[in-house]
2 protein chains.
Amino acid sequence: MDQLMDILKRNQLSVTEGRRKILELFLKSDGALAHADVEKKIDAGFDRVTVYRTLQTFVEKGIIHNIPTTDNSILYALCKDNCEAGHHHDNHVHFICDVCDKTICLEHVAIPEVKLPKGYQQRQADLVISGVCDDCR
Amino acid sequence: MDQLMDILKRNQLSVTEGRRKILELFLKSDGALAHADVEKKIDAGFDRVTVYRTLQTFVEKGIIHNIPTTDNSILYALCKDNCEAGHHHDNHVHFICDVCDKTICLEHVAIPEVKLPKGYQQRQADLVISGVCDDCR
DNA sequence: TTATTTTTTGCAACAATATTGCATTTTCGT
DNA sequence: ACGAAAATGCAATATTGTTGCAAAAAATAA
């Protein structure tokens, strides 16, 4: 299980217990995670600040990316292709259930091209679909 | 200018100065507004709590809706068609500029249908495109 | 390995944002 | 105008995110 270390090394990050644990959490959880989720699901007692900084670092390095939400929370999800820092062309489609609040990533769905007004340059596109998931019907 | 009163009445809301002012603000500003924007742009000194509650009420009534963002802020925008409370089929496309942070609503762009997994029911779809706007190039 | 440098962490304090209860005020229907 | 219902303001509280700095851990060099 050196996948964790690989990812961290590749991104020139020191390998620490906190980073390993958080990264591991993302690797084994299919959905997206909010800051609060990360804090809860990690048994070890890491400081809130550490979690904030770790997530921030991961985003900067392009290990994870954040997903738009309509409530004021930030959801983070793993970048499957571990894209280069700075330019993530992750065109993700996410489904948020109104009932159970779970967010899942629809990986196989592609976002069609959208024609933007003149002069607008697209970097990233996120499609967020909300409704009721299969479990909550 | 009884458009304001009309909207409020239609949604069974008492007509108060705060609600009129806030609704007016949305009507005359083309883009989306955050809570902070609303507070700033209203000259009258309304309590923060009132603004929170008003925005919440407007969302519940379907007068405004909120736009997904990747930072942890909530953006509100007017529902053009003043849809029924509860079911807003507002499939909005929004563009967020990475530089100036402005959010604009691309009204003429439609979100194509997306095939969801079995049992999933779509209520709303939001496409958020980020990049650089024409002004910031 | 040990010593030195660099990075990360935890703590504490702080700042910003959002929520709740309750008394007062305003609006609405009669 | 009057009484009932709804909205507001205030204070207190909760939640969430940030910053500075000293201690601890990890990386680098010898």
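Throughout, protein chains are lettered first and strands after them, A, B, ... in sequence-line order, and every chain is numbered starting at 1. Worth knowing before you read on, the calculation uses all heavy atoms, side chains too, and leaves out hydrogens, waters and symmetry mates.
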For this session: Mind calculating the distance between CD1 (A:I42) and P (C:dT9) to the nearest angstrom?
Result: 11 Å
Exercise. Same cluster or not: are A:Y120 and B:L127 linked, directly or through other Ile, Leu, Val, Met, Phe, Trp or Tyr residues, by side-chain heavy atoms under 4.5 angstrom apart?
Worked result: yes
Exercise. Considering all heavy atoms of both residues, which atom of B:L116 and which atom of B:Q122 are nearest to each other, and what is their separation?
Worked result: CD1-CB, 3.7 Å
For this session: Could you state the atom-to-atom distance from CZ of A:F58 to P of C:dT8 in whole Å?
Result: 11 Å
Exercise. Where does the angle between the aromatic ring planes of B:H35 and B:Y52 fall among parallel (under 30°), tilted (30 to 60°) and perpendicular (over 60°)?
Worked result: parallel
For this session: Mind calculating the distance between CG (B:N11) and P (D:dA6) to the nearest angstrom?
Result: 16 Å
For this session: Select base, sugar-phosphate, or nothing to describe what A:R53 touches, counting heavy atoms under 4.0 Å on all strands.
Result: base
Problem set entry | Length of the NZ-P vector between B:K9 and C:dT27, whole Å | 11 Å
For this session: Would you kindly give the CG-to-P distance between B:D47 and C:dG21, to the nearest whole Å?
Result: 16 Å
Problem set entry | Interatomic distance where OH belongs to B:Y52 and P belongs to C:dT17 [whole Å] | 7 Å
Problem set entry | Given DNA chain C, 5'-ward residue of the pair B:A36 and B:E17, judged by closest heavy atom | B:A36
For this session: Check whether any side-chain N or O of A:D6 sits under 3.5 Å from a backbone N or O of A:Q3 as a donor-acceptor pair, and report yes or no.
Result: no
Exercise. Please walk me through it: do B:S130 and A:R123 pass side-chain hydrogen bond (donor to acceptor under 3.5 Å, both in side chains)?
Worked result: CA-CA 6 Å; B:S130 49; A:R123 184 183 52 81; 3.1 Å; yes
For this session: Give the rounded distance in Å between these two atoms: CG of A:L13 and P of D:dT28.
Result: 12 Å
Problem set entry | Test item: A:T50 side-chain N/O and A:F46 main-chain N/O as donor-acceptor pair under 3.5 Å | no
For this session: Measure from the side-chain heavy atoms of A:T16 and tell me the nearest of D:dA11, C:dT9, D:dA7.
Result: C:dT9
For this session: Measure distances between side-chain N and O atoms of B:R48 and base N and O atoms of C:dA18, and say whether any donor-acceptor pair falls under 3.5 Å.
Result: yes
Exercise. Of the nucleotides C:dA18, D:dA11, D:dT18, which has the atom closest to the B:H35 side chain?
Worked result: C:dA18
Problem set entry | B:E39 CD - C:dA18 P separation (whole Å) | 9 Å
Exercise. Taking 4.0 angstrom as the limit, do A:K21 and A:E17 come out as a salt bridge?
Worked result: yes
Exercise. Which parts of residues 21-29 of chain A get close to DNA chain D, meaning a heavy atom less than 4.0 angstrom away?
Worked result: none
Exercise. Where each residue is assigned the nucleotide of DNA chain D containing its nearest heavy atom, which of B:S14 and B:F46 is assigned the position nearer the 5′ end?
Worked result: B:S14
Seminar exercise, completed: Assert: residue with more 5' nearest nucleotide on DNA chain D, out of B:V49 and B:G18, is B:G18
